[in-house]
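Labels below follow one simple rule: chain letters A, B, ... track the order of the sequence lines, proteins then strands, and each chain is numbered from 1.
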Amino acid sequence: EDKVVQSPLSLVVHEGDTVTLNCSYEVTNFRSLLWYKQEKKAPTFLFMLTSSGIEKKSGRLSSILDKKELFSILNITATQTGDSAVYLCAAHNNAGNMLTFGGGTRLMVKP
Amino acid sequence: DAGVIQSPRHEVTEMGQEVTLRCKPISGHDYLFWYRQTMMRGLELLIYFNNNVPIDDSGMPEDRFSAKMPNASFSTLKIQPSEPRDSAVYFCASSRGLGLAGGLAKNIQYFGAGTRLSVL
């Protein structure tokens, strides 16, 4: 059974701090890993990672995948209160078109 | 594009009643997914469709749950009879396709705003 584990479960930081969120996966026939941000409503797509060692970057957010060690990290630099959300990691396998989600990391950024 | 549209946004019902949740996927997306999210279990896939055909319903918790997709622009998730433990947020998501040829970006799922269901 495919499995995705995220850590930490929750994190409280102050504005300006840098945070690193972790995601490890065990997926048969791994295809890609996706990061989503969920505020009060629907998860919104952040990144898709398919190749090891290639950093994806969007503003203050960046992510990288290690297919040998089966993990990914999401970095947020110079955090802002608007970064407060649950960050979800999901793995996609080749067997179908399903995503297996991790339990999420709840990030709170204090002013 | 308006994105994935779900209705209603909130539903409060009494145990034993029938509940129907609705979803309109993004136009041109061939895949539609129904998820349930709870604090205890996180985001769980219930069922997904490809070209209106159910492909995998192994996540559907029991016979009280059923889903249909009569056409490419509409799907329903029905719970009958509803129970308090069904209380959760139900999300619908869609994607363009199964991306290998044509790019893996087709696998990105876009979510609706969800339906918050409370069964009393």
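When each of B/Y90, B/F111, B/F91 is tested with B/Y35 by the rule ring pair (Phe, Tyr, Trp, His ring centres under 6.0 Å), just one qualifies, namely B/F111.
At a heavy-atom separation below 4.5 angstrom, chain A is approached by B/G112, B/A113 within residues 112-120 of chain B. Listed by sequence position, A/L34, A/Y36, A/Q38, A/K41, A/A42, A/P43 are the residues of residues 33-44 of chain A in contact with chain B, using a 4.5 angstrom heavy-atom cutoff. Taking non-hydrogen atoms and a 4.5 Å limit, the residue list of residues 17-27 of chain A in contact with chain B is empty.
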Side-chain donor-acceptor distances from residues 104-111 of chain A under 3.5 Å, at least two apart:
from: A/T105; atom 1: OG1; to: A/P8; atom 2: O; distance (Å): 2.6

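For B/D56, the part lying under 4.5 angstrom from a heavy atom of chain A is the side chain only. Proximity to chain A is absent for every atom of B/R41, based on heavy atoms less than 4.5 angstrom apart. Interface remark: B/Q6 contributes no atoms to any contact with chain A (heavy atom separation under 4.5 Å). Proximity to chain A (any heavy atom under 4.5 Å) is shown, for B/L43, by both the backbone and the side chain.
Between the side chain of B/R64 and the backbone N or O of B/I79 there is no donor-acceptor pair closer than 3.5 Å. The main-chain N or O of A/H92 is never found under 3.5 Å from a side-chain atom of A/S32 such that the two would form a donor-acceptor pair. No donor-acceptor distance shorter than 3.5 angstrom exists from the side chain of A/K56 to the backbone of A/L61, with no hydrogens or angles considered. At least one donor-acceptor pair closer than 3.5 Å links the side chain of A/D66 to the backbone N or O of A/E69. Counting only distance, with no hydrogens or angles, the side chain of B/K78 and the backbone of B/E18 share no donor-acceptor pair below 3.5 Å. With A/T28 contributing its side chain and A/D2 its backbone, the two residues share no donor-acceptor pair below 3.5 Å. For the pair A/E55 (side chain) and A/S62 (backbone), a donor-acceptor distance under 3.5 Å is absent.
A salt bridge links B/E83 with B/R85: the distance from a Lys NZ or Arg NE/NH1/NH2 to an Asp or Glu carboxylate oxygen falls below 4.0 Å.
Under the 4.5 Å side-chain criterion, counting only non-hydrogen atoms from C-beta, B/P25 is not in contact with B/S75. For the pair A/L65 and A/F30, the minimum side-chain heavy-atom distance is below 4.5 Å.
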Item to check | From CA spacing to verdict: side chain to side chain contact (heavy atoms under 4.5 Å, CB included), B/I47, B/F65 | outcome: CA-CA 10 Å; B/I47 185 171; B/F65 285 70; over 6 Å; no

Checklist entry - Where do A/L49 and A/S63 land on the side chain to side chain contact (heavy atoms under 4.5 Å, CB included) test, with the steps shown first? => result CA-CA 8 Å; A/L49 302 153; A/S63 184; 3.1 Å; yes

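For the atom pair CD of B/Q109 and CG of B/L32, the computed distance is 9.5 Å after rounding to the nearest 0.5 Å.
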